[in-house]
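So the structure is just underneath, and the comments pick up after that.
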Amino acid sequence: MEKHYLENLNDPQRHAVECTDGPVMIIAGAGSGKTRVLTYRVAHLIKKGVDPFSILALTFTNKAAREMKGRITGMSGDEARNLWMGTFHSVFARILRFEAHRIGYPSNFTIYDTDDSRSLMRAILKEHGLDDKTYKPASVLGRISSAKNNLLSWKSYQANDELVNDDRLTGRPMIGTLFEKYVSRCFRSGAMDFDDLLYNMYMLLKNHPDVLNKYQDKFRYVMVDEFQDTNHAQYLIVRKIGARFENVCVVGDDAQSIYSFRGANIRNILSFEKDYPDLKTFKLEQNYRSTKNIVGAANSVIANNRNQLRKEVWTSNGEGEKIRVIKSVSDNEEGSIVANSIFSEKMNGDLDYRDFAVLYRTNAQSRSLEEALRRLNVPYRIFGGLSFYARKEIKDLLAYFRLAVNPSDEEALRRVINYPARGIGKVSLDKLIVASDQTGKSLWEVIAGLAQETAGIATGTREKIRDFAAMIESFHVELKKKDAYELASHIASRTGIIREIYNDKTPEGVSQYENLQELLNGIKEFSENGLTDLPAPSGELEEEGLHTLDAFMQDIALLTDAESKDDGDTDKVSLMTVHMAKGLEFKQVFVTGLEENLFPSQLSLHSREELEEERRLFYVAMTRAERRLTITWTSSRYRWGKLIGCEPSRFLDEIAPGFLEAATPSGTVSPEETVWAQYPARPKGNGIAGQRRQKFTARKLTPVSKLQASGGNVSAGDFRADDPKEIVAGMDVEHQKFGQGKVVNIEGEFPDHKATVFFQGLGNKQLLLKYAKLKIVNRDR
DNA sequence: GGAGGCCTCGGAAGG
DNA sequence: CGAGGCCTCC
């Protein structure tokens, strides 16, 4: 560590770092060096001789934990490895596995992700004959989730008049019962959902004084990042763990609290002051990120919020450019203005594409922006979207791994009992579930101990079920004998998954196959090196020997980071929602869609609290910009296929005029005037009411990254089918999914004529020509 | 069992 | 409009 590392800090930052003992709250304004203070504080503790094993640092995302740990390692060296630094969920999962026996769970419990929870809830609804329109799984689970986050058990829920009344009033009196069923099904499956990791952690500490004692004693220093995002359960757990030494340091910014919709409770900041009377509060108010114009404009907006802590963010940076506000007449024009502006500023300036970000309130807005960027060949990357582990093929294989570790895992079992197809159909499965319900046994117990007389399942099917159970059992037995990679690849081939997907020669199939290979490669790397992020709860060293599959599976459900795979070309414009942009910074930022009912969202307009959260969201958006901020809005846009008129957002009026560029009238930065000229004809400007979208906007998009990933020759966007009447035997044709093939035969009469087409690698396919979209590649016979 | 049709719904999203 | 879930038909 550098000798005078404290000199890298300004006064409030340094005070916050040096004040290591006793309760501390750091209110960190946007761009004020929050991460720097957190990392320095931990490094400082280590420097002072505090054992890293006794420092607990909790974050919300894996990314934040990873980055911070990396930076601390940079300052303090290898010792940082022993820090307990991770997300709330991963740290608690680690502890819960260690103490699982206390609460009746196996230590290899499964962690259900949102899909698992949903599928379980759907199953429960069906079993109870409840209509999933009235009882929408996601909304029922939402009620359960917020109960758990407020530390309410199903019993307390059912005993709570207010909640029960609410449910009766909304016509869903069964939610309390569903809560109970859901919890017992999870328990029977040896599974916890994300909320259970918090709920059970709290109950573990509350009901087991010796356990509480152990962890209070162990964690002498506790730190919490993004404190404004904590929910009630997280808050109480932190308070409990920190109760012995009271060396609890929380860092946050009330002005950037944008997650109340998922349970974050901004009042925790106020409770914290009440709970710790000798609390020391530090305010980081100097912004190092942005120009005076940007900081001033953002301040003027957030000043409209009534609920906030007093704080004055300032900067010694230069004035910079004024904020641009640009009006357009359609979402398409908004897109071209943004794209055009990026294109020309990249040309004229010292900026790379990666210095630009385009932000929006809702994902649906990305379409017109993408189209515009693509037309100018501006490379971009969309953040968010499907994580690697959320892909179907990955989840299928992981389901087998989950079963190998914990055969009681009902969701995994249901997912793969007939995938790849092995003749155990829906009817048999329903019978098994009925048997499970009647006996109170888990689905696995029913299957594993399948009695001769079980509820009228045919002998042949029973045989198949037995084979399946024996296969899972054999995987289970191998867990400790083989290393993760050996077992994983054995499972992949023994179950037939690999073969199934290898035989699928469609572009999708090929990409699925590559993804499975990537997963297996990751496991191989784990087998060789291990990858545990957190030290073992007891503090002793990791056991020597094999890196087994169950060890690999421990944290995998918690790795939900959206894919951040670089295809080598990282110089791209970033497109993302404002929520995703929190914590990031860019030299130039475009905030789009500043219209009433969009930003602020119309769903936020009925309460002051929600409107203030929207305003904080806009504040977050503005403060992402370092040098230049551009805000756009349009007077009409397509929403759900319909063209609607839009009014400018009230937030625009809240920006103090002194920070704004003189008004830019609509069309001043007209695309036609500049680079547009070089590109294919585009209908003249006024996209106002009535005008249909042009063909290029109606086309389906294939993201640039995907094109590259698949070798550049998949162009779903350009696929145009030919008239089926023209197709005759002998032609070469192309199918959107199956690729190129040769028409072997045509039978039947138009419009019911059917073609037999031979596709390379796929064999003959029967295609009804009135449905199958075929493009003629070669008319020669 | 799988593909395609029909219906519904529509805010943001970490673990 | 487009995605996702369920249902139906072959």
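Per chain, numbering begins at 1; letters A, B, ... match sequence-line order.
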Practice prompt. List the steps and the verdict of side chain to side chain donor-acceptor pair (under 3.5 Å) for A:Tyr389 and A:Asp113.
Written response: CA-CA 10 Å; A:Tyr389 293 100; A:Asp113 67 15; over 6 Å; no
Worksheet item: Once each nucleotide of nucleotides 4-10 of chain C is scored for protein heavy atoms under 4.0 Å, what B/S/- sequence comes out, 5' to 3'?
Response: --S----
Taking the side chain as C-beta and beyond, is there a heavy-atom pair between [X] and [Y] under 4.5 Å?
| X | Y | result |
| --- | --- | --- |
| A:Asn200 | A:Ile103 | yes |
| A:Arg66 | A:Lys63 | yes |
| A:Val620 | A:Arg624 | yes |

Practice prompt. Please figure out whether A:His89 or A:Gly423 has its closest DNA chain B nucleotide nearer the 5' end.
Written response: A:Gly423
Worksheet item: Toward the 5' end of DNA chain B, which comes first, A:Leu558 or A:Lys133, by nearest nucleotide?
Response: A:Lys133
Fill in: Heavy-atom neighbours of A:Glu647 CD exceed 12 at 6.0 Å
no
What integer distance in Å separates [X]:[atom1] from [N]:[atom2]?
| X | N | atom1 | atom2 | result |
| --- | --- | --- | --- | --- |
| A:Leu58 | B:dG15 | CG | P | 14 Å |
| A:Lys642 | B:dG10 | NZ | P | 14 Å |
| A:Arg66 | B:dG14 | CZ | P | 13 Å |
| A:Asp115 | B:dG15 | CG | P | 15 Å |
| A:Lys136 | B:dG10 | NZ | C1' | 11 Å |
| A:Lys148 | B:dG15 | NZ | P | 19 Å |

Discussion item. Exactly one of A:Asp409, A:Asp396, A:Asp116 should register a salt bridge (charged side-chain N to carboxylate O under 4.0 Å, His left out) with A:Arg415. Which one does?
Written reply: A:Asp396
What does [X] touch in the nucleic acid at a heavy-atom separation under 4.0 angstrom: a base, only the sugar-phosphate, or nothing?
| X | result |
| --- | --- |
| A:Phe194 | base |
| A:Asn418 | sugar-phosphate |
| A:Asp195 | base |

Discussion item. Using the P atom as the point on both nucleotides, what is the distance between B:dA13 and C:dG4, in whole Å?
Written reply: 15 Å
Worksheet item: Expressed as a whole number of Å, how far does the C1' atom of C:dA3 sit from that of B:dG14?
Response: 23 Å
Could you list the protein-to-nucleotides 11-13 of chain B atom pairs, N/O on both sides, closer than 3.5 Å?
residue: B:dG11; atom: N2; partner: A:Arg361; partner atom: NH2; Å: 2.1
residue: B:dG11; atom: N2; partner: A:Glu614; partner atom: OE2; Å: 2.5
residue: B:dG11; atom: N3; partner: A:Arg361; partner atom: NH2; Å: 2.9
residue: B:dA12; atom: OP1; partner: A:Asn363; partner atom: N; Å: 2.6
residue: B:dA12; atom: O4'; partner: A:Arg361; partner atom: NH1; Å: 3.1
residue: B:dA13; atom: OP1; partner: A:Thr577; partner atom: OG1; Å: 2.8
residue: B:dA13; atom: OP2; partner: A:Asn363; partner atom: ND2; Å: 3.2

Fill in: Donor-acceptor under 3.5 Å (A:Asn62 side chain, A:Leu558 main chain)
yes
Worksheet item: Is A:Ser649 reaching over with its side chain to a backbone N or O of A:Phe599, donor-acceptor style, under 3.5 angstrom?
Response: yes
Discussion item. Taking side chain to side chain contact (heavy atoms under 4.5 Å, CB included) as the definition, give me every residue that meets it alongside A:Ser146, ordered by chain and number, with sequence neighbours left out.
Written reply: none
